[in-house]
Each structure stands twice: as C-alpha cells, then as structure tokens.
Amino acid sequence: MFFPEYRPRRLRRSEALRKMVRETTLLVEDLIYPLFAVSGQKVRREISSMPGIRHLSTDCLVEEAAKAQAAGIPAVLLFGVPEHKDGEGSEAWNDAGIVQQAVSAIKRELPELVVITDVCLCAYTDHGHCGVIRNGEVDNDATLKLLSAMALSHARAGADIVAPSDMMDGRVGAIRRTLDENALQNTAIMSYAIKYASAYYGPFREAAESAPRFGDRRSYQMDPANRREALREAALDVEEGADFLMVKPALAYLDVIREIRENFHLPLAAYNVSGEYSMVKASAANGWIDERRVVLENLTGIKRAGADLIISYHALDAASWLRDG
Ligand code: PBG
Ligand code: ZN
C-alpha cells in the first residue's frame, strides 16, 4: 500500500493517537541513579564538570537516595571517592570504607531501595589505573584477587548487586566464586561486560578523581571500533555467572546495545555516561537545546535500542518529567 492510500500522518494527528501507536515507553522503573560517596558530614559538594551532581557524605547521600526512591527510581549505583589512595587501592576493601558505610546506611534507612556498587580500583589507586601495576603494566590476574575482596566487602555491607567496571579478564567468575564461598550466593553481579575506552568518561574522572596518572585504559577497555568483540565479551560474562550485562557508553553505541539485546537473554543495562550528561547540561545552560526534551529523547533512544535499564545522572530529573507527563 502506497501514498495516497496509505498516509502515515493519519496516526500522528493527535497526542491520543500518537500514544496508541507508540512503540517504546520510558518508565521511571527503568532508571538507575548514580551517587558519589565521600567521607565527612553534611558534605554536598557540586562536581564542576557535572552540573547538578554532587559529592555526598553518607548523611546527605541517604537523603538523595530517599529522593530517588520517592520519585519511583528502583536503584542507586554507588561510587566511592576515598581520601586515602595507594598502589593497590587498599581502601577499596576496607569494611569501614565510605561505600561500605553508605551501603549499610541506605539499607538501614531505605531497605526497599536496590543498592548497586561499582567495583573498580581506579578511584582507590594512587596511579589511577583500574588494577595493580606489575612491570609497568596492569596485571590482570593479580587484580582479580583485589576486586574479589572489594566485591565481598560491598556484599557484606549489604549491597544487592555488585557491578565490576574494571574490564579485567575473568573478574566475573572470580567475584562469583568469592561471593559463593562466603555464603553470599544471593548477591547479584551486574557486569560492565562491554565497556569501551571512551573519551566520554572525562567528567566522571574529575568527579571520581580517577584519571590515570600515566598512559590510558586502552589495554583493558574495548576499542570503540569493535562490535563482534562485544559479543565475545558478553558470552564470557554469561558463562562466568553474570546476572545482568551492561553496555557503556550508551549513545555512541546504540548498535551494540541492539546486538546484545538480540543475542543474549540476560537483563541489559546501558550507561548514559558523564560526558553524555555534561554535553547536554552545557548546551542547555547556553540555551541551545531544550534540556527536558533532549534528555527524554536520549533515554527513549537508549531504551528503543534494547536496554532494559538505564544508568543516568539525569534519573532524578527524568523521573519528575515522566511523572508530570
Ligand atoms: C571506573 C568507572 C568509570 C566509569 C564508571 N566506572 C570510569 C573509567 O572507566 O574511567 C565512567 C562513568 C561515567 O563516565 O559516567 N572504572
Ligand atoms: Zn576503573
């Protein structure tokens, strides 16, 4: 059937009609809100590279998490910005560390809220790499033990889900074994299975004080040019026991999200990363774009590509816009 018999515009004539034929619906339940934990009390320090996002001490972090929960957001993702850094990132598995404290405080005050923790050493090491350095290189197998200790410590503090973001080989299996050996078989793993070596992490590295002091992350994160490799990475993590897969970043990798959706059956998350966020915020601050419409368009696009869950710094704003219709 062709024009003039078929006129696609017939179903675009009113909002009621458009709603009836809408194929993708973004829901507040799809969103995960990232939070940055720091030590101290009453700390709400704005992160200059990410307008609207703050470093939060545990008391303020619980308040922010309560806002998310009240808005209908089901989960938060915690990052720690520790005071003490060393070669191995030992603060990462300190049972009294900032993330561990934040997790137990949220679980005490807001037991229904799902708590996910980022598991990676880069914010904890003095050199800023995601693993330990041996002979000038990030040593894969030595790093696995440390990541397992970090994940175990988060799980003991009460994390529902641990999310390894380091891109070492074999870490999902190593973490799964460690959790199981410690009777934490119910703690889930959300694997940053497909994480590209992206310039879009720039603002986050300022937020987490986690930029590498030498070199870059291209020997462990993926080459942005590769799609077939994403399928291999996903397959490995499924095999090793991941409960969720993740693609990161989201907007320059929508084809990869679609590919993983079509080839795997695990719940799929996509990370709308800091650079994607800050570009929108900067344009909006200049009056060049309509922030609300662009954010909802980006998030809907990520969902349409195939993501079940979207990790986004816009989550709180998006939740209120979705509620207002
Ligand atoms: C830690 C980590 C990073 C992000 C999430 N976990 C940064 C990196 O790999 O350099 C990026 C998040 C963002 O940019 O919003 N490995
Ligand atoms: Zn890292």
Side-chain angles (χ1 to χ4, degrees), residues 31-37 47-55 76-82 85 87-89 91-93 99 116-133 138-140 143-144 146-147 150-151 154 161-169 171-172 175 189-224 233 244 246-253 269-281 295 298-299 302 310-315:
L31 301 172
I32 298 172
Y33 187 39
L35 297 171
F36 293 96
I47 297 161
S48 63
S49 57
M50 301 176 70
I53 303 298
R54 292 158 192 279
H55 282 153
V76 293
L77 169 61
L78 303 187
F79 292 93
V81 189
K85 303 190 191 227
E88 302 225 302
E91 188 57 26
W93 55 89
V99 167
I116 311 171
T117 58
D118 185 88
V119 173
C120 193
L121 299 174
C122 53
Y124 296 82
T125 52
D126 51 16
H127 46 73
H129 277 289
C130 303
V132 281
I133 308 291
V138 175
D139 186 305
N140 193 85
T143 301
L144 298 184
L146 310 186
L147 293 169
M150 183 178 187
H154 290 177
I161 304 173
V162 291
S165 68
D166 52 286
M167 289 300 278
M168 297 302 125
D169 296 331
R171 88 266 207 229
V172 171
I175 290 171
I189 300 178
M190 177 183 282
S191 175
Y192 287 71
I194 298 133
K195 177 171 175 183
Y196 288 93
S198 172
Y200 283 99
Y201 309 148
F204 173 94
R205 289 183 189 169
E206 184 181 325
E209 294 158 14
S210 66
R213 296 295 130 84
F214 63 90
D216 54 45
R217 304 211 202 288
R218 278 181 279 195
S219 77
Y220 39 104
Q221 299 179 348
M222 283 175 59
D223 185 333
E233 280 284 4
F244 300 79
M246 191 200 300
V247 173
K248 177 183 174 195
L251 292 171
Y253 301 88
Y271 201 139
N272 177 215
V273 299
S274 59
E276 298 171 339
Y277 172 83
S278 298
M279 289 196 308
V280 169
K281 296 299 278 190
V295 168
N298 281 348
L299 298 176
I302 295 166
I310 305 170
I311 301 162
S312 179
Y313 304 100
H314 298 293

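Quick caveat, the model's predicted, so the values are computed rather than measured. When a ligand or atom number is given, it counts from 1 through the structure's own listing order.
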Counting each atom of ligand 1 from 1 as listed, which ones have a heavy atom of [X] under 4.0 Å away?
{"X": "Tyr271", "value": "12 (C), 15 (O)"}
{"X": "Lys248", "value": "2 (C), 3 (C), 4 (C), 5 (C), 6 (N), 11 (C), 12 (C)"}
{"X": "Tyr313", "value": "12 (C), 13 (C), 15 (O)"}
{"X": "Val273", "value": "13 (C), 14 (O), 15 (O)"}
{"X": "Cys122", "value": "1 (C), 16 (N)"}
{"X": "Ser165", "value": "1 (C), 2 (C), 6 (N), 16 (N)"}
{"X": "Gln221", "value": "8 (C), 9 (O)"}
{"X": "Cys120", "value": "16 (N)"}

Query raised in the report: From Cys122, does some N, O or S atom reach closer than 2.8 Å to the Zn ion (ligand 2)?
Result: yes
Requested in this report: Dump the intermediate steps for side chain to side chain contact (heavy atoms under 4.5 Å, CB included) on Val119 and His154, then the final yes or no.
Outcome: CA-CA 9 Å; Val119 173; His154 290 177; 3.8 Å; yes
Query raised in the report: For atom 16 (N) of ligand 1, what's the nearest protein heavy atom and its distance?
Result: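 Answer, as residue, atom name and distance: Lys195 NZ, 3.0 Å.
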Query raised in the report: Got the closest protein heavy atom to atom 14 (O) of ligand 1, with its distance?
Result: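 That would be Ser274 OG, 2.7 Å.
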Requested in this report: Could you check which of Tyr220, Phe204, Tyr277 puts a non-hydrogen atom nearest to atom 13 (C) of ligand 1?
Outcome: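 It is Phe204 whose heavy atom sits nearest to atom 13 (C) of ligand 1.
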Requested in this report: Determine, step by step, whether Ile47 and Tyr313 satisfy the side chain to side chain contact (heavy atoms under 4.5 Å, CB included) criterion, reporting the C-alpha distance in whole Å, the side-chain angles of both residues, the deciding distance to 0.1 Å, and the verdict.
Outcome: CA-CA 12 Å; Ile47 297 161; Tyr313 304 100; over 6 Å; no
Report task. Look at the rings of Phe36 and His55 and say which category their plane angle falls in: under 30° parallel, 30 to 60° tilted, over 60° perpendicular. Result ->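 Perpendicular, since the angle between the ring planes exceeds 60°.
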Query raised in the report: Which of parallel (below 30°), tilted (30 to 60°) and perpendicular (above 60°) describes His129 and Tyr220?
Result: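 Rings of His129 and Tyr220: perpendicular, over 60°.
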Query raised in the report: Does Asp118 have a heavy atom less than 4.0 Å from any atom of ligand 1?
Result: yes
Query raised in the report: Does NZ or CZ of Lys195 lie under 6.0 Å from the centre of the six-membered ring of Tyr201, at an angle within 45° of the ring axis?
Result: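 Judged by the rule, Lys195 and Tyr201 form a cation-pi pair.
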**Report entry** Under 3.5 Å side-chain donor-acceptor pair for Ser48 and Glu206
**Finding:** yes
Query raised in the report: Between the side chain of Arg171 and the main-chain N/O of Pro164, is any donor-acceptor distance below 3.5 Å?
Result: yes
Query - Enclosure of Tyr200 OH (heavy-atom neighbours >12, cutoff 6.0 Å) - result: no
Requested in this report: Report, rounded to 10°, the angle at the Zn ion (ligand 2) between the two atoms SG (Cys130) and SG (Cys120).
Outcome: 100°
Requested in this report: Could you give me the CA-CA distance, side-chain angles and deciding distance for Glu209 and Lys85, then say whether side chain to side chain contact (heavy atoms under 4.5 Å, CB included) is met?
Outcome: CA-CA 10 Å; Glu209 294 158 14; Lys85 303 190 191 227; 3.7 Å; yes
